[in-house]
Amino acid sequence: MYQQIAEALRQQIADGTLAAGAQLPTEAELTDLYEVGRGTVRQGLTLLVNEGLVVPTRPRGYFVRKREPMVFRPQAEFRKRPYSVEMDAFVTEHSADGRSPRQMIEVAIMEPPQDIAKRLQLEDGQLVAVRRRIRWLDGEPFNLNDSYFPLDLVSESEILRPDDISRGANEVLAELGYRQVRALDELYVRMPTPDEARRLELGAGTPVAYHICTGYTENGQPVRVAVTVLPGDRHVITYERKREASEDAQ
């Protein structure tokens, strides 16, 4: 019965009968409607919470979740910066959309995880600088972004400061003589680690997209690996592709 209750409410959410922000019938009302116990109703509601469809707001009840996904555009990374002098790219772009963005940046020097060291082609014992970010929109944590750089390339640069870099870390690398001319993107979908779920305040059953971007210089040297964790219920990942002229000629 709890699955039937969840399916009935799920259908009402899907067809708009219960619109974003609408309050669901109370536990007492659902108990009377389906002639079941309060525990059965709560099981059905918990399913919808775990699916990210509704949010519990005690003591008021359950509400249909308002979805305002962030558009994540990996191809925008090499766009010319700064967007504005005062704000970095993330804050600028989403402020223009009428939303309230903010981020927290931490910087650390560390031995890289094995997969990062492999992508950066580092020798044993080489250290990396990592810039860790948590990004919020409208008070909700939206994604995690960790960027790794070989320490010997950036040790004297502002990349090691836990501040916004208005022109972007990519431009700082270019000024140091390591301009990136191409990037390799990898996308994985998985369940979050406990730490990711805690930092992103994820409900049970919410998968994440795991985007890894490795940037290379003209001579093929990898100089940066950026890892972004994107909750599946908060993002739309978009790529733009263009047919090359040589393809048209074939």
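V49 and L202 are members of different hydrophobic clusters when ILVMFWY side chains are connected at heavy-atom separations under 4.5 Å. Hydrophobic clustering (side-chain heavy atoms under 4.5 Å, transitive across Ile, Leu, Val, Met, Phe, Trp, Tyr) groups Y62 together with L33. There is no path of hydrophobic side-chain contacts, each under 4.5 Å, that joins L47 to L18. Note on Y2 and I13: separate hydrophobic clusters, where clusters join Ile, Leu, Val, Met, Phe, Trp and Tyr whose side-chain heavy atoms are under 4.5 Å apart, directly or indirectly. Following chains of ILVMFWY side-chain contacts shorter than 4.5 Å, one can reach Y188 starting from V229, so the two form part of one hydrophobic cluster.
Using a distance-only test at 3.5 Å, with no hydrogens or angles considered, a donor-acceptor pair links the side chain of R131 to the main chain of I159. For R102 (side chain) and G139 (main-chain N/O), no donor-acceptor pair under 3.5 Å exists by modelled atom type.
At a threshold of 4.5 Å between non-hydrogen side-chain atoms, the residues E158 and R167 count as touching. With contacts defined as side-chain heavy-atom distances shorter than 4.5 Å, the pair R65/D233 qualifies. By the 4.5 Å heavy-atom criterion applied to side chains, N143 and R234 are not counted as neighbours. Looking only at side-chain heavy atoms (C-beta outward), P113 and Y148 come within less than 4.5 Å of each other. A heavy-atom distance below 4.5 Å is found between the side chains of L9 and L45. With contacts defined as side-chain heavy-atom distances shorter than 4.5 Å, the pair T206/P192 does not qualify.
If you take CG on L187 and NE2 on H211, they are separated by 5.0 Å, rounding to the nearest 0.5 Å. Here the CD1 atom belonging to I212 is positioned 6.0 Å from the CG atom belonging to D115, to the nearest 0.5 angstrom. Rounded to the nearest 0.5 Å, atoms CG (L160) and CD1 (I109) are 5.5 Å apart. Here the straight-line distance linking atom CZ of R119 with atom CD of Q114 works out to 11.0 Å at 0.5 Å rounding. Atom CG of L144 is separated from atom CG of L200 by 4.0 Å, given to the nearest 0.5 angstrom. Atoms CD1 and CZ, on I105 and R132 in that order, are 13.5 Å from each other to the nearest 0.5 Å.
When each of N145, I237, V208 is paired with L230, the side-chain contact (heavy atoms from CB on, under 4.5 Å) condition holds for I237 and for no other.
For the residue pair P112 and L127, the shortest heavy atom distance occurs at CD-CA, 4.4 Å. Shortest non-hydrogen contact noted between Q126 and E123 is OE1-N, 2.6 Å. Shown here for A183 and C213, the closest heavy-atom pair between the two residues is CB-SG, 3.7 Å. Taking all atoms of both residues into account, the shortest heavy-atom contact from V41 to V36 is CG2-CG2, 3.7 Å. When all heavy atoms of A169 and F149 are compared, the closest pair comes out as CB-CZ, 3.9 Å.
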Evaluate the side chain to side chain contact (heavy atoms under 4.5 Å, CB included) criterion for residues Q12 and V64: first the C-alpha distance (whole Å), next the side-chain angles of each, then the deciding distance (0.1 Å), finally the verdict.
-> CA-CA 10 Å; Q12 292 179 57; V64 179; over 6 Å; no
Can you check side chain to side chain contact (heavy atoms under 4.5 Å, CB included) on V128 and L151, steps first, answer last?
-> CA-CA 4 Å; V128 295; L151 180 61; 5.7 Å; no
Could you walk me through whether V227 and I116 pass the side chain to side chain contact (heavy atoms under 4.5 Å, CB included) check?
-> CA-CA 9 Å; V227 178; I116 300 298; 4.0 Å; yes
Apply the test side chain to side chain contact (heavy atoms under 4.5 Å, CB included) to residues Q221 and L153: give CA-CA distance (whole Å), side-chain angles for both, the deciding distance (0.1 Å), then the verdict.
-> CA-CA 12 Å; Q221 179 183 3; L153 302 187; 4.1 Å; yes
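Every residue meeting the salt bridge (charged side-chain N to carboxylate O under 4.0 Å, His left out) condition with E7, not counting sequence neighbours, appears here in chain and number order: R10. Judged as a salt bridge (charged side-chain N to carboxylate O under 4.0 Å, His left out), and not counting sequence neighbours, the contacts of R199 are D195.
Summarising the local packing, CD of E111 is surrounded by 12 or fewer heavy atoms from other residues, nucleotides or ligands at distances under 6.0 Å.
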Please list, one pair per line, the donor and acceptor atoms closer than 3.5 Å that link side chains of residues 23-31 to other protein atoms, with sequence neighbours excluded.
| unit_1 | atom_1 | unit_2 | atom_2 | d |
| --- | --- | --- | --- | --- |
| Q23 | NE2 | R60 | O | 2.6 |
| T26 | OG1 | E29 | N | 3.1 |
| T26 | OG1 | E29 | OE1 | 3.4 |
| E27 | OE1 | R38 | NH1 | 3.4 |
| E27 | OE1 | R42 | NE | 2.9 |
| E27 | OE1 | R42 | NH2 | 3.4 |
| E27 | OE2 | R42 | NE | 3.4 |
| E29 | OE1 | T26 | N | 2.9 |
| T31 | OG1 | E27 | O | 2.8 |

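Taking the centre and axis of the six-membered ring of Y210, the NZ or CZ atom of R190 falls inside the cone set by 45° and 6.0 Å. Within the cation-pi definition used here (under 6.0 Å to the ring centroid, within 45° of the axis), R182 qualifies as a partner of Y216.
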